[in-house]
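Notes follow once the structure below has been shown.
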Number of protein chains: 2
Amino acid sequence: MLHARGLRVTSQRLVILDALRKLGRHSTAEEIGRAVHEELPACSAPTLYATLDLLVEMGLVRRLDAGLGVALYDAGTRPHHHAVCRVCGAVQDIEGEIAPEDALRSAVGRGFEPERAELMVYGVCVACRDASDAPGLAGD
Amino acid sequence: MLHARGLRVTSQRLVILDALRKLGRHSTAEEIGRAVHEELPACSAPTLYATLDLLVEMGLVRRLDAGLGVALYDAGTRPHHHAVCRVCGAVQDIEGEIAPEDALRSAVGRGFEPERAELMVYGVCVACRDASDAPGLAGD
DNA sequence: ATTGGTGCAAATCCTTTGCAATAGC
DNA sequence: GCTATTGCAAAGGATTTGCACCAAT
């Protein structure tokens, strides 16, 4: 898959993805770094971040900002929703590619007390779509 | 309102809230700071952040993390949803205290091309609720 | 052999903290 | 006057960058 993109297969990349998959869910770069160090003690922070960016770009990893001041990384690429605890900061997955309302219900069913639910829609705004549609410019 | 909480009414606090209200939408601390400086040139970053925290705590301001690396502040306290453009980073309000699904529809109706919608539910998880319910401990 | 990847260190950015001076009550 | 609040400067943490070396192809 890396080869297909003309990129090199390095032990760092393999170990980082593997570590992230083993950690399972919402891990900070620091947690991933610690796990990686057990196998690859010399792996550096810049490499870690660069690799995570690459994996995100490749669609193998998702990056998620829960407002905790650190980015969280997730090897599960299926879209899903999240419940963030205001008290302890824990991020709970709401599994499944389900409608937002069902996600909310699911969280409540698991004992989570929602105070506020916010939908973040990620996509392309009108202006940027128009810009990329403009003739003479290479569409993305 | 500040008095009611035994807090002092300072020009900084008034000007910061006023600036944020005038800016209207999702402003970064830096934007707010710039606006504040026009009226209160000496207002410092620590004061700005402290005041914003205070306003958030008082419920007059909401803080929002759109994954852009900076916090956005919003003087509109009514909960609403957001659409973030992957290309230009613009954050669009989806007005109204409406159901997430309607929010998604609303964004599409305005020309936004959604790629991914994620519901963030903020609240209190089971463990933290149980902890605060525990007898002998002061409930929050 | 080539050149993309890596590691080191330092830089950057946003935000917070310590402390003396100031201003609200 | 008492004390919260401010401003300054510097610290702090997460992430990125520049550059020389190394390793995958």
Side-chain angles (χ1 to χ4, degrees), chain A residues 1-20 26-58 60-74 89 91, chain B residues 1-20 26-58 60-74 89 91:
Chain A
M1 192 159 175
L2 283 163
H3 283 143
R5 292 175 59 133
L7 299 172
R8 294 181 183 172
V9 178
T10 65
S11 50
Q12 286 87 342
R13 287 175 175 171
L14 295 175
V15 170
I16 287 171
L17 180 55
D18 195 52
L20 186 44
H26 315 305
S27 313
T28 64
E30 194 227 337
E31 286 168 344
I32 301 164
R34 225 182 306 140
V36 167
H37 273 221
E38 290 177 12
E39 199 149 334
L40 223 67
C43 188
S44 67
T47 299
L48 177 59
Y49 283 104
T51 302
L52 288 172
D53 282 351
L54 176 66
L55 293 172
V56 168
E57 198 186 313
M58 291 175 72
L60 293 174
V61 165
R62 290 209 306 133
R63 179 186 191 156
L64 141 83
D65 205 324
L68 306 173
V70 283
L72 300 179
Y73 296 89
D74 195 337
V91 178
Chain B
M1 190 156 177
L2 285 163
H3 284 142
R5 293 176 59 133
L7 300 171
R8 292 180 184 173
V9 178
T10 65
S11 51
Q12 287 86 345
R13 287 175 176 171
L14 296 174
V15 170
I16 287 171
L17 180 56
D18 195 52
L20 186 46
H26 314 304
S27 312
T28 64
E30 194 226 337
E31 286 169 344
I32 302 164
R34 226 181 306 140
V36 167
H37 273 220
E38 290 177 12
E39 199 149 333
L40 222 67
C43 189
S44 67
T47 299
L48 177 59
Y49 283 104
T51 302
L52 288 172
D53 282 351
L54 176 67
L55 293 171
V56 168
E57 198 185 313
M58 291 174 72
L60 293 174
V61 166
R62 289 210 306 134
R63 180 186 190 157
L64 141 83
D65 205 325
L68 307 173
V70 283
L72 300 178
Y73 296 89
D74 194 338
V91 178

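Each chain gets a letter, A, B and so on, in the order the sequences are listed, and its residues count up from 1.
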Taking the side chain as everything from C-beta on, heavy atoms only, tell me whether [X] gets closer than 4.5 Å to [Y].
{"X": "A/Thr10", "Y": "A/Leu2", "result": "no"}
{"X": "A/Leu72", "Y": "A/Thr28", "result": "yes"}
{"X": "A/Arg63", "Y": "A/Leu52", "result": "no"}
{"X": "A/Glu30", "Y": "A/Val70", "result": "no"}
{"X": "A/Val15", "Y": "A/Cys43", "result": "no"}
{"X": "B/Gln12", "Y": "B/Leu40", "result": "yes"}

Can you name the one residue among B/Arg62, B/Glu57, B/Met58 that meets side chain to side chain contact (heavy atoms under 4.5 Å, CB included) with B/Leu60?
-> B/Met58

What residue among A/Leu17, A/Leu54, A/Asp74 forms side chain to side chain contact (heavy atoms under 4.5 Å, CB included) with A/Val61?
->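 Between A/Val61 and the candidates, side chain to side chain contact (heavy atoms under 4.5 Å, CB included) is satisfied uniquely by A/Leu17.
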
Output the single nucleotide from C/dG7, D/dT16, D/dT6 whose closest atom is nearest the side chain of B/Arg13.
->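 Within the option list, the nearest is D/dT6.
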
From the options D/dG7, C/dT15, D/dT15, select the nucleotide whose nearest atom is closest to the side chain of B/Ala29.
-> C/dT15

Quickly work out the [X] [atom1] to [N] [atom2] distance and round it to whole Å.
{"X": "A/Asp53", "N": "C/dT6", "atom1": "CG", "atom2": "P", "result": "12 Å"}
{"X": "B/Glu57", "N": "D/dT5", "atom1": "CD", "atom2": "C1'", "result": "15 Å"}
{"X": "A/Arg34", "N": "D/dA14", "atom1": "CZ", "atom2": "P", "result": "11 Å"}
{"X": "A/Leu40", "N": "C/dG7", "atom1": "CG", "atom2": "P", "result": "7 Å"}
{"X": "B/Leu52", "N": "D/dT5", "atom1": "CG", "atom2": "P", "result": "15 Å"}
{"X": "B/Tyr49", "N": "D/dT6", "atom1": "OH", "atom2": "P", "result": "16 Å"}
{"X": "B/Leu68", "N": "C/dC13", "atom1": "CG", "atom2": "P", "result": "16 Å"}
{"X": "A/Leu48", "N": "C/dA9", "atom1": "CG", "atom2": "P", "result": "17 Å"}

Determine to 10° how strongly the helix from C/dA1-D/dT25 to C/dC25-D/dG1 is bent, judged from the axes of its five-pair ends.
->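 Answer for the end axes of this duplex: 30°.
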
Using a 4.0 Å heavy-atom cut-off, does [X] contact any base of the nucleic acid, only the sugar-phosphate backbone, or nothing at all?
{"X": "B/Glu30", "value": "nothing"}
{"X": "B/Ala50", "value": "nothing"}
{"X": "A/Gly6", "value": "nothing"}

How does each nucleotide of nucleotides 18-25 of chain C score, in 5' to 3' order, for protein heavy atoms under 4.0 Å: base (B), sugar-phosphate only (S), or none (-)?
-> -----BBS

By side chain to side chain donor-acceptor pair (under 3.5 Å), which residues pair with A/Ser44, not counting sequence neighbours?
->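 In terms of side chain to side chain donor-acceptor pair (under 3.5 Å), with neighbours along the sequence ignored, A/Ser44 is linked to A/Thr47.
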
Under 4.0 Å between a side-chain N/O of B/Ser44 and OP1 or OP2 of D/dC8, yes or no?
->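 For D/dC8, neither OP1 nor OP2 has a side-chain N or O of B/Ser44 closer than 4.0 Å.
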
